[in-house]
Amino acid sequence: MSSPHSSVATPQATRLAPPLAGARNYPAQKPAEVYLFGTCVLDLFFPEAGMDAIRLLEREGIRVHFPQGQSCCGQPAYTSGYTDEAREVARAQLALFSHDWPVVVPSGSCAGMFRHHYAELFHDEPATLRQVEALAARTYELAEFLLEVCRIQLDDRGSPIKVALHTSCSARREMGTHVHGRSLLSQLGQVERVDHDHESECCGFGGTFCVRMPDISGAMVRDKTAALAGAGADAVVSADCGCLLNINGAFEKQQQSLRGEHLASFLLRRTGGKSDGVQS
Amino acid sequence: MSAHADTPAIPISFKRRAHDAVHDAQLRKNFRGAMDFLMAKRAAQFPDGDELERLRAFGNRVRARALSKLPDLLQRLEANLTRNGVKVHWAETVDEANAIVHQIVAAHEAKQVIKGKSMVSEEMEMNHYLEGHGVDCLESDMGEFIVQLGNEKPSHIIMPAIHLNAGQVASLFHDKLEVDYTEDVDRLIQIGRETLRRKFFEADIGVSGVNFAIAETGSLLLVENEGNGRMSTTVPPVHIAVTGIEKVVENLRDVVPLLSLLTRSATGQPITTYVNVISGPRKADELDGPQEVHLVLLDNGRSQAFADSELRQTLNCIRCGACMNHCPVYTRIGGHAYGTVYPGPIGKIVTPHMLGLEATRDLPSASSLCGACGEVCPVKIPIPAILRRLREENVRPPAAEPHHMRGQGSKYSRRERYTWKAWRTLNTSPRLYRLFGLAATRLSGLIPADIGPWTEHRSAPKPAARTLHELARDHLGED
């Protein structure tokens with residue numbers, strides 16, 4: 001028979017992506033200084049999360065540099081097929097990180113752009129490619145950096161709470177952000193992480209996909225918000241701002257009270273830090 | 001937005017069909033349930049992640065090696081099949097392939113054809129073509145039988161009737177076969193089998209697809225679960241196999257990893273119920289088997305993919321369907337919405353070579369690039385990267401050289417190009433970028449509540465009061 005009609009409950013609810021090809025070697029000591037690449041979505045829509053990332057890093061004794069010349073990693077044009085435009089925007093970012101300090105990115109898919117896709121953009125420019133490879137080697141997604149390089153120890157001072165974690169698909173697959181996010185949350189004694197239905201499925205953002213294919217994207221984000229709302233979580237956290245923009249916009253449109261929060265803000269608040277709180 | 005308003009029906013109606021599909025509650029339920037079932041079956045077959053990754057890497061290398069010597073392997077395949085008594089035909093287009101099949105049919109004055117499952121025959125629209133020449137074609141795969149009965153097309157490459165539930169099949173059988181209404185799946189299958197049984201013996205010609213064409217031995221390997229493939233290829237006096245030129249592998253050893261990847265990825269089976277290896281027609285001392293075996297090797301745009309090292313990886317595909325089973329887009333809209341023979345992620349990257357980019361111009365955009373397809377592909381086709389590449393081909397100026405694909409620039413739009421150039425200027429000029437940030441945060445009240453497709457399902461995004469650039473400068477100083 002061609003139509004199995006029995007459904008298996010949430011087969012992918014807790015399934016993790018395969019291990020990343022070639023485990024990454026992390027530096028033995030945490031550095032004294034880092035760059036923060038804030039990303040364009042965070043810059044405009046979640047600046048408080050960027051500040052909370054800075055405060056978390058500073059609390060680890062690290063001096064943070066935020067090059068004021070930064071803009072976007074180039075991903076929107078790259079995934080839309082405008083490769084030349086993406087390359088020039090990427091080139092402008094490359095010029096910003098002249099010291100060999102690590103580059104920390106509080107958004108997984110943008111970190112993935114530095115780590116994996118800049119090399120594709122500059123494959124026939126050998127000199128730039130060397131620069132790109134050096135940048136890729138010292139680029140970290142925020143959660144990864146806190147966990148693996150800072151070896152952060154989080155002291156939870158909040159009251160008991162249930163949290164659902166959403167990870168961006170490209171970030172999870174390219175950067176293993178689900179592993180780092182889960183691991184950080186597990187350090188918080190009063191935080192219970194709850195699974196949600198089809199956890200590893202895309203929220204429907206996909207950059208320009210959400211406006212090019214509004215029906216399909218809309219169906220995906222409705223399912224994602226329903227899954228998050230149905231998970232019994234008091235809070236939703238994510239380390240990817242594109243997904244947060246999409247998920248929070250849908251929650252608001254549906255007049256639900258739940259909102260996703262950036263992982264940096266959540267971690268800072270739970271551990272007694274004062275979140276920047278520029279925006280609710 | 002479009003420079004080509006008068007392109008064929010498929011692209012223009014893709015969004016319309018997708019719209020209808022996401023609002024069809026029954027269809028959504030059928031696909032969600034079926035895809036969950038198939039994902040769970042596959043996952044159960046690969047409990048050891050390391051083994052899976054090793055096997056995928058192996059499968060990828062076997063396919064890459066076969067493609068690296070494709071012309072040579074095809075010649076060896078033809079020589080060895082010919083030595084085994086199989087007649088080999090070459091078709092560049094589906095029209096040529098249909099004409100070849102028709103010649104064979106006409107030479108035998110055949111009136112009835114029985115078919116095992118073959119997606120290449122769907123690509124050819126063989127049933128439609130032969131029926132136009134007065135020949136009856138009957139699908140013998142149960143899923144194909146159901147969609148043929150309902151005058152539909154397959155909605156999945158492995159499970160053609162996956163869009164239907166048991167109740168819908170029960171109604172169809174009741175209406176078309178005039179049997180009592182029953183939702184008992186075993187009874188429904190029995191009804192189908194009884195109908196087909198007679199037809200196997202009446203058919204003049206059996207048609208099948210091919211899973212692997214083995215160059216070294218000159219044999220055709222075919223997997224199936226219902227026995228209909230074996231019946232179609234052994235009972236009628238003539239067997240015609242149709243396949244794409246990329247299905248060739250070098251030797252039998254190469255089949256071992258690919259077969260294991262195929263059945264486990266497709267249906268979550270360690271092996272299919274039947275594995276048929278066809279190495280020629282009935283020999284003088286044999287009691288059964290067809291008297292004639294033909295193989296039609298179809299190009300239909302595959303050479304275009306072959307010519308480009310990145311796009312060539314499309315031809316790694318062993319047609320398991322795992323990419324569609326795991327695709328959040330396919331799960332939402334089902335197979336028919338694509339309007340193409342091959343739906344889902346693999347359909348989006350293979351069909352542009354078959355029909356040209358004009359006819360498939362919306363397909364590369366119909367992906368969030370989430371990467372689920374690339375993650376499960378048993379032969380490691382980088383489907384998201386290829387989708388991105390097709391988007392690039394789609395927006396290149398139509399006359400730009402080098403020309404990699406038929407229909408290049410089918411979404412070329414000067415307006416959109418200028419928009420991205422403006423975006424580039426903004427993001428390569430720090431002062432302009434910061435000015436934009438100031439304007440967006442200070443004037444956020446001017447953002448309308450309705451901003452097109454975004455606000456159909458979401459509230460309008462609200463920029464913060466101050467940008468991170470400003471906050472960071474206050475906190476850290478100018479850097």
Side-chain angles (χ1 to χ4, degrees), chain A residues 1-8 11-12 15 17-19 38 42-45 47 50-51 54 64-69 71-72 77 79-83 85 88-89 92 169-170 173 201-202 204-206 209-216 218-222 245-246 249-250 252-253 278-279, chain B residues 18-19 22 33-34 36-37 39-40 43 49 53 142-143 146 159-162 164-166 185 189 328-329 332-333 365-366 368-371 375 388 391-392 394-395 420-421 423-424 427-428 430 433 437 440 453-454 456-459 461 463-469 471-473 476 478-479:
Chain A
M1 195 64 205
S2 305
S3 303
H5 45 86
S6 60
S7 171
V8 176
Q12 293 204 301
R15 195 175 64 88
L42 195 136
D43 192 27
L44 276 189
F45 298 103
M51 289 309 296
I54 290 171
V64 181
H65 298 266
F66 184 93
Q68 285 285 322
S71 56
C72 169
T79 55
S80 297
Y82 289 90
T83 312
E85 285 73 14
E88 293 320 305
V89 170
C169 296
S170 56
R173 296 193 166 99
E201 203 167 78
C202 177
F205 178 62
F209 167 75
C210 65
V211 287
R212 288 185 200 276
M213 296 287 160
D215 290 310
I216 305 170
M220 288 162 71
V221 75
R222 275 199 306 278
L245 203 62
N246 182 43
E252 191 181 332
K253 180 93 173 182
V278 170
Q279 196 194 17
Chain B
H19 173 89
V22 299
D36 283 354
F37 177 79
M39 285 193 288
E53 289 315 299
M142 192 53 61
I146 292 165
M159 276 143 288
I162 199 87
L164 302 172
N165 62 25
V185 174
I189 290 173
V329 173
R332 297 302 180 307
I333 65 175
S365 306
S368 65
L369 300 182
C370 79
E375 182 180 301
R388 196 209 71 81
R391 292 178 183 184
E392 187 180 299
N394 238 344
V395 297
W420 283 109
K421 284 194 189 305
W423 174 88
R424 182 196 65 193
N427 284 288
T428 50
Y433 176 83
W454 174 270
E456 283 174 37
H457 306 282
R458 308 158 194 88
S459 295
R466 300 179 74 205
T467 64
L468 179 61
H469 276 75
L471 299 179
R473 194 178 49 213
L476 304 168
E478 191 78 41
D479 217 315

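Just so it is clear: chains get the letters A, B, ... in the order the sequence lines come, proteins before strands, and each one is counted from 1.
- Contacts between A:Ala92 and chain B at a heavy-atom distance below 4.5 Å involve the side chain alone, from C-beta outward.
- Only the side chain of B:Arg332 comes within less than 4.5 Å of a heavy atom of chain A; its backbone N, CA, C and O stay farther away.
- Top candidate by heavy-atom pairs under 4.5 Å with chain B, chosen from A:Ser170, A:Gly206, A:Gly249, A:Gly50, is A:Gly249.
- Annotation for A:Cys72 and B:Trp423: closest pair SG-CZ2, 3.7 Å, computed over non-hydrogen atoms.
- With a threshold of 4.5 angstrom between heavy atoms, A:Val221 approaches chain B through side-chain atoms but not through N, CA, C or O.
- A:Met51 and B:Ala472 make their closest contact through SD-N, 3.8 Å (heavy atoms, listed as atom of the first residue, atom of the second, distance).
- Side-chain atoms of B:Ser368 never come within 3.5 Å of backbone atoms of A:Phe205 as a donor-acceptor pair (strictly under, hydrogens ignored).
- With a 4.5 Å cut-off on non-hydrogen atoms, A:Ile54 touches chain B through its side chain but not through its backbone.
- For chain A, the option among B:Val22, B:Thr428, B:Asn427 with the highest count of heavy-atom pairs below 4.5 Å is B:Asn427.
- Your options are A:Ser80, A:Pro67, A:Gly204, and the one with the most heavy-atom pairs under 4.5 Å with chain B is A:Ser80.
- Scanning both residues, B:Leu468 and A:Gly38, for their nearest heavy atoms gives CD2-CA, 3.9 Å.
- Closest heavy-atom contact between B:Pro328 and A:Cys202: CG-CB, 4.1 Å.
- Two residues are said to be in side-chain contact when any heavy atoms from C-beta on lie closer than 4.5 Å; A:Phe209 and B:Ser365 fail this criterion.
- Under the 3.5 Å distance criterion, the side-chain polar atoms of B:Glu456 are left unmatched by any main-chain donor or acceptor of A:Asp215.
- A salt bridge between A:Glu252 and B:Arg458 is absent, with no side-chain N of the basic residue lying under 4.0 Å from a carboxylate O of the acidic one.
- Within the 3.5 Å criterion, the main-chain N or O of A:Pro214 finds a donor-acceptor partner in the side chain of B:His457.
- Here the shortest heavy-atom pairing between A:Cys169 and B:Cys370 reads CB-O, 3.3 Å.
- In this structure, a donor-acceptor pair under 3.5 Å is present between the side chains of B:Glu392 and A:Thr83.
- A distance of 4.5 Å separates NE2 of B:His469 from CZ of A:Phe66, quoted to the nearest 0.5 Å.
- Looking only at side-chain heavy atoms (C-beta outward), B:Trp454 and A:Leu245 come within less than 4.5 Å of each other.
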